[in-house]
Amino acid sequence: MSSPPRACVIGWPVEHSRSPVIHGYWLKHYGIDGAYGKEAVKPEDIADFLRTLSEHGYVGANVTLPHKEAALRAVDQADTAAKAIGAVNTVWLDKQGLLQGSNTDAYGFMINLQGLAPDWQARCDVAMVLGAGGAARGVLYGLIAAGVRRVLLTNRTVAKAETLAREFGSPVDVLPWDKKDSALPACGLLVNTTSLGMTGQPPLEIMVPALPTAAVVADIVYVPLETPLLAAARERGLTAVDGLGMLLHQAVPGFEHWFGIRPDVTADLRAEVVATLEAG
Ligand code: ATR
């Protein structure tokens, strides 16, 4: 008899990860005999750990900071999104025992955006993305795959934005960080992928009132849930999309691979995760 499937989140550190709350909720909700844990793995050990995942008793895993790029190199096969984003956040062993890797961040961001602002694309000829780190790569991939015509990419360190613009090609134009306010009137979607506005970080300074009245504002920061950027957007009557939805949705494909059921992102799940965020 085979033992119940087990998955985990692998990070260094890993304590802060909310993934066990999300997957633990679904395992209980669907009455699945399985488990989801945490593994603190040092950067020098990640490739070995992934290559011996089944010996550790796992059918798959989420991979978080700082291992996402190393995971792309360690998997046997990576999907299109993972290759384009340059990072893997979800792995699973397929029927042949091959380690498959995906990046579900873009999927999570786009599904959440679609859910909270179903007509976002009709309002969005031009999008502005703030930041040029790993999260920005996922958002750029998602927006371009959805057909956004033009993305203005702006980052404090302009060279990093230029590198991303070269990789992602013609829809992306780099905008100097100090010029972002003047481009806002043309933008139907503003996405913050920087750490600005996160608890303990400086706020993001941007002229939200300069956005069109139909604009959508998304933040990938979810601590706090209502960032100063989202609060300013709501105050102006704009559609605000918080970062927690992305976190919940990006977990869906992994759970399906490991445990065989495609789980729903519900208000009840969200409330459970919010309660853990509020508990600190
Ligand atoms: P992630 O992988 O989550 O995207 P990251 O790679 O550390 O994280 O990227 C953080 C982003 O927040 C970067 O775009 C960073 O700008 P730089 O590339 O100039 O470092 C941005 N960021 C962090 N602190 C910032 C600050 N004080 N002002 C402006 N941008 C900031």
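Side chains included, hydrogens not; waters and symmetry mates left out as well; all remaining heavy atoms used. One-based numbering, in listed order, for ligands and for the atoms of each. Nothing fancy with the numbering, it's 1 onward along the sequence.
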* Evaluate the criterion side chain to side chain contact (heavy atoms under 4.5 Å, CB included) for residue pair W120 and M110; output intermediate values, then yes/no. => CA-CA 10 Å; W120 70 273; M110 297 307 293; 3.5 Å; yes

* Would you sort out whether D119 and R123 count as a salt bridge (Lys or Arg N to Asp or Glu O under 4.0 Å), showing the intermediate values? => CA-CA 7 Å; D119 59 345; R123 310 192 222 167; 2.9 Å; yes

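Side-chain contact, D264 with T266: no donor N or O sits under 3.5 Å from an acceptor N or O.
Annotation for A106 and Y141: closest pair CB-CD2, 3.7 Å, computed over non-hydrogen atoms.
Listed by number with element, the atoms of ligand 1 under 4.0 Å from a non-hydrogen atom of A132 are 14 (O). Near S195, the atoms of ligand 1 lying under 4.0 angstrom from a non-hydrogen atom of the residue are 12 (O), 23 (C), 24 (N). Every atom of ligand 1 is numbered from 1 in the order shown, and the set under 4.0 Å from a heavy atom of K160 is 17 (P), 18 (O), 20 (O).
What sits closest to atom 17 (P) of ligand 1 on the protein, heavy atoms only, is T157 OG1, 3.5 Å. In terms of protein heavy atoms, atom 13 (C) of ligand 1 is closest to N155 OD1, 3.8 Å. The shortest contact between atom 29 (C) of ligand 1 and any protein heavy atom is with L196 CD1, 3.5 Å. Of all protein heavy atoms, the one lying nearest to atom 9 (O) of ligand 1 is G133 CA, 3.7 Å. If you check which protein heavy atom lies closest to atom 3 (O) of ligand 1, you get A135 CB, 4.1 Å. Closest to atom 26 (C) of ligand 1 among all protein heavy atoms lies R156 NH1, 3.2 Å. Here the protein heavy atom with the shortest distance to atom 2 (O) of ligand 1 is G134 N, 3.1 Å.
Taking only nitrogen or oxygen atoms, main chain and side chain alike, T194 does not reach within less than 3.5 Å of ligand 1. Remark: ligand 1 and W177 share no N or O pair separated by less than 3.5 Å (distance only, no angle test). Among the atoms of A136, none of the N or O lies under 3.5 angstrom from an N or O of ligand 1. Among the atoms of Q201, none of the N or O lies under 3.5 angstrom from an N or O of ligand 1. Not one N or O of L65 is nearer than 3.5 Å to an N or O of ligand 1, by distance alone. In terms of polar-atom proximity, defined here as any N/O pair under 3.5 Å, G131 makes no such contact with ligand 1.
A cation-pi arrangement is not found for K28 relative to W26, the charged atom failing to lie both closer than 6.0 Å to the ring centre and inside a 45° cone about the ring normal.
Ring centroid separation for the pair Y107 and H249 does not come in under the 6.0 Å cut-off.
Between R270 and L225, the closest side-chain pair of non-hydrogen atoms falls below 4.5 Å. Residues N103 and T90 have side chains not in contact (no heavy-atom distance under 4.5 Å, counting atoms from C-beta outward).
Note on L238 and M128: same hydrophobic cluster, where clusters join Ile, Leu, Val, Met, Phe, Trp and Tyr whose side-chain heavy atoms are under 4.5 Å apart, directly or indirectly.
Within the 4.0 angstrom cut-off, atom 7 (O) of ligand 1 has no protein heavy-atom neighbours.
Ring pair Y58/F49 is tilted by interplanar angle, where 30° to 60° counts as tilted.
The ring pair (Phe, Tyr, Trp, His ring centres under 6.0 Å) test with H23 is passed by exactly one of Y30, F259, Y36: Y36.
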